[in-house]
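Since this is a predicted model, take the numbers as computed values, not measurements. Index from 1, following the sequence. Order of listing sets the numbers, starting from 1, for every ligand and every atom in it.
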Amino acid sequence: MNKYSMLKHDDKLAIGVSGGKDSLSLLYVLKKFLDRHGWQAPIAVTIDEGVKGYRDESLEIVKSFCSNLKIKNVIISYRQLFGVDIDEAVIRRPTKKMSSCSMCGTFRRRAMDLAAESLGANVIATAHNLDDQLQTFMINMFAGDTERIGWIYPESVSYSRNGIKKIKPFIEIYELEIAFYALQRQIPFQSEECPYMNESIRTDIRRFINHLEKSRPGIKYNAYNSMMKISKDLRSLSTHIDENNCSICGRLSSNEICSVCKTQKTLADTILSEAFSYDL
Ligand code: SF4
């Protein structure tokens, strides 16, 4: 956290807490850190994606964990914010090329921004770890999306134009080490996996990297260091600026219509075309 100047004493922190080992460990560690320095308490933000049978258990885990730590827990749902949840979006999407995880990721980033804004928080912390970042790097490589690789570098995500800083304190820590920490501290976490997780290429990449690490210990860390160098250089070349206002919602966007409105519009158009085909 010091290395990338992630926090300062007067920051108001919103932490994305899903109920998994990473986010609960992050909440636990940051609460201790903030208490020790006498800084203001964080707020745990839990996003309900609307995945039946998956999210319900974790909502209870987070609620009870936050109550034990005396931390405020705010729950917001995609349905409440965007009028649709992931279970419905998966049915409504016109093609499987719109993966559940890409829709979910688009909505999650906006949901966290909206939550932080409404809570008056100026920093959002998420529990992305070294493995997550490496997977994201590979996904962007395979998608040919070099601009996004530049966004991975920690300084690249500091203070966006809406004034909210996004930090990832676990960025240099292996997923396995966090799991070990959570077990050792007896942090209760959800182990159930989202039923849509296999739709994403992330799962394949995760397995591949874990397989390499098993036979060549340390390879993840080497790859992480290479990724950071590439990411830093690409960041300095990046021309990405959210300089437009979305013509639908008015929020900052790099395109005429932001990705959230585009996703919502595509899903709504599917409903309309279904209604027309029914009438005919
Ligand atoms: S696995 Fe995909 S759909 Fe499920 S919660 Fe994660 S990002 Fe959302």
Report task. Would you mind checking which non-hydrogen protein atom is closest to atom 8 (Fe) of ligand 1, with the distance to 0.1 Å? Result -> Cys104 SG, 2.4 Å

Report summary line: re atom 2 (Fe) of ligand 1, the protein heavy-atom contact at minimum distance is Cys101 SG, 2.3 Å

Query raised in the report: Are Asp85 and Arg79 within salt-bridge range, i.e. N to O under 4.0 Å?
Result: yes

**Report entry** Selected option - heavy-atom contact closest to atom 6 (Fe) of ligand 1, from Met103, Met197, Glu49, Arg108
**Finding:** Arg108

**Report entry** Whether Cys194 has an N, O or S atom under 2.8 Å from atom 2 (Fe) of ligand 1
**Finding:** no

Report task. Hey, can you tell me if Tyr221 and Tyr224 have their rings parallel, tilted or perpendicular (30° and 60° cut-offs)? Result -> parallel

Report task. State, without any angle test, whether Asp87 and Tyr54 hold a side-chain donor-acceptor pair at a distance under 3.5 Å. Result -> no

Query raised in the report: According to a 4.5 Å side-chain heavy-atom criterion applied to Ile, Leu, Val, Met, Phe, Trp and Tyr, with indirect links allowed, do Ile91 and Met197 form part of one hydrophobic cluster?
Result: no

